[in-house]
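Notes for the one structure printed next.
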2 protein chains.
Amino acid sequence: MPYEEILERFKAQLKIMNLKVTRERLMILEEVMKRKDHFDADQFAADLSVSGVKVSRATVYRTLDILHDMKIVHKTTLGHKHQHYENMVDRAHHDHLVCLKCDKVVEFLEPRIEELQEKVCVDHGFEIKDHSLQLFGICGDCKEADAEANN
Amino acid sequence: MPYEEILERFKAQLKIMNLKVTRERLMILEEVMKRKDHFDADQFAADLSVSGVKVSRATVYRTLDILHDMKIVHKTTLGHKHQHYENMVDRAHHDHLVCLKCDKVVEFLEPRIEELQEKVCVDHGFEIKDHSLQLFGICGDCKEADAEANN
DNA sequence: GTTGCTGCAAACCCTTTGCATAGGA
DNA sequence: TCCTATGCAAAGGGTTTGCAGCAAC
C-alpha cells in the first residue's frame with residue numbers, strides 16, 4: 001500500500017474518531033512506516049529525536065496506541081519487560097521465534113497451529129479474539145557459536 | 001505427591017543450593033501448595049498476611065523465584081502487567097485460555113500444537129527451550145450474559 | 001472560540017535492591 | 001561464630017496521567 005494511501009487512511013480515521021491531525025501524529029506515522037522490525041517505544045522516541053523530530057515520549061506512547069487501535073501497528077510481548085511494536089501495513093498475522101542468547105526475532109506462520117487454536121476455543125466454548133504465541137530457544141547462529149566455544 | 005515429600009524435596013534442594021531453611025520459606029511453600037489457581041505475588045502476600053503469616057513482599061518475590069528455579073512453580077504472563085504463578089507439583093505443562101471480559105483462565109493442552117511448535121523450530125534451525133501461548137477470547141458465560149443483555 | 005493535543009514532570013505499578021539487623025548452620 | 005535471610009524503604013524501568021499552555025478546526 002503506497003504511503004500516500006496510508007496517510008489518507010490515517011487522516012480519515014482520525015477524523016472519524018474525532019481526533020486532530022497534528023504534526024506530531026504525522027511524524028510518528030512516517031517513522032512507523034519506515035520500520036520493518038520490532039521496536040520498543042523508547043528506542044522509537046530516541047530515533048525520532050536523532051532524526052531531528054521533537055516529540056515527547058508521552059506523545060509517542062499515545063500515538064502508538066492510536067495506531068494500534070487502527071490496526072496499523074501490532075503490539076507484542078517478546079519476553080522482555082517492555083512491549084514491542086511492529087508496522088502491520090501490508091503484513092499478515094504471524095507469531096515469533098525469539099533467541100534467548102542474541103534476542104534475534106524470527107517471524108513464522110503455521111496455519112495448522114492457528115486452526116488448532118480455533119478448535120481449542122470452540123471446544124471450550126470460547127469465542128477467540130486474539131492470541132499470543134512465542135517460541136523461545138537458541139538460534140542456529142548461537143548454537144554454532146556455542147559448539148565452537150566448546151572446541 | 002504428598003506434602004511431606006515436597007517439603008523434604010524443598011529442604012534438600014535448599015541445602016544443595018546452599019540456601020537456608022527458614023520459617024518464611026516454609027510458610028511460603030505451604031501456601032503455594034494450597035493453591036491450584038493462577039495467582040500473583042501481591043495477592044499471595046496479602047493472603048499470607050490474612051492467614052496471620054507475616055512475610056514481606058520482598059521475601060515473597062525472592063522465594064517464589066527459588067521455587068521457580070526448582071520447577072515447583074511456573075511463571076506465566078496472562079495479558080496483565082504482572083506475572084502469574086502456579087503450583088506445578090503433579091501437574092503437566094499446559095497453556096491458557098483467558099476471557100477478556102471476566103478474566104477467567106482455563107487451561108488446555110493440545111499435543112498437536114506442541115508438535116507443530118517443535119516442527120517450526122526445527123524448520124528455522126532453533127533449539128526450542130520454552131514457549132508461551134495464550135488464547136484470548138470471550139468465555140461461554142460472558143457470551144450468554146451478552147446475549148441476554150441484548151434482549 | 002472551542003476543543004482536543006502536547007510536553008513536562010510526577011505518578012503508577014510491579015518488581016528488585018541496598019543495607020542494617022535477625023537468625024539459621 | 002559465620003554468613004545468609006529478612007524487612008524496610010527506596011530505587012528501578014516501562015508506561016500513564018494531570019495540568020497549563022498551545023495548536024487544530
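Chain A is the first sequence line, chain B the second, and so forth, proteins listed ahead of strands; every chain is numbered from 1.
Scanning residues 9-33 of chain A for heavy-atom distances under 4.0 Å to DNA chain C yields A:Leu19, A:Lys20, A:Thr22, A:Glu24, A:Arg25.
A nucleotide of DNA chain C counts as in contact with chain A when one of its atoms lies under 4.0 Å from a heavy atom; the first and last such, 5' to 3', are C:dT3 to C:dC8.
Put simply, B:Phe39 and B:Met70 are part of the same group of oily side chains (I, L, V, M, F, W, Y) that touch within less than 4.5 Å, one to the next. No continuous path of hydrophobic side-chain contacts links B:Leu133 to B:Val105 [ILVMFWY only; heavy atoms under 4.5 Å].
In this structure, A:Glu86 and A:Val73 have side chains that are not in contact, with every pair of non-hydrogen atoms separated by 4.5 Å or more.
In this structure, B:Arg9 does not pair ionically with B:Glu5, as no charged nitrogen and carboxylate oxygen lie closer than 4.0 Å. Between A:Arg112 and A:Glu114, none of the side-chain N atoms (NZ, or NE/NH1/NH2) sits under 4.0 Å from a carboxylate O, so this pair counts as no salt bridge.
Here D:dT6 presents its C1' atom at 14 Å from CG of B:Leu48, a figure rounded to the nearest Å. Between the CD atom of A:Gln43 and the P atom of D:dT15 there is a distance of 13 Å, rounded to whole Å. Regarding A:Arg57, its CZ atom lies at a distance of 13 Å from the C1' atom of D:dT16, rounded to whole Å.
By the 30° and 60° cut-offs, the orientation of the rings of A:His84 relative to A:His82 is parallel.
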Next item on the list: Would you please test B:Ile6 and B:Met33 for side-chain contact (heavy atoms from CB on, under 4.5 Å) and show each step?
Entry: CA-CA 9 Å; B:Ile6 282 292; B:Met33 294 309 293; 3.9 Å; yes
Taking only nitrogen or oxygen atoms into account, show me every contact under 3.5 Å that the protein makes with nucleotides 10-14 of chain D, one pair per line with its distance.
none

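Rounding to the nearest 0.5 Å places CG of A:Asp146 at 3.5 Å from NZ of A:Lys101.
Remark: the B:Gln83 side chain and the B:His68 side chain contain no N/O donor-acceptor pair separated by less than 3.5 Å. In this structure, a donor-acceptor pair under 3.5 Å is present between the side chains of A:Asp95 and A:His131.
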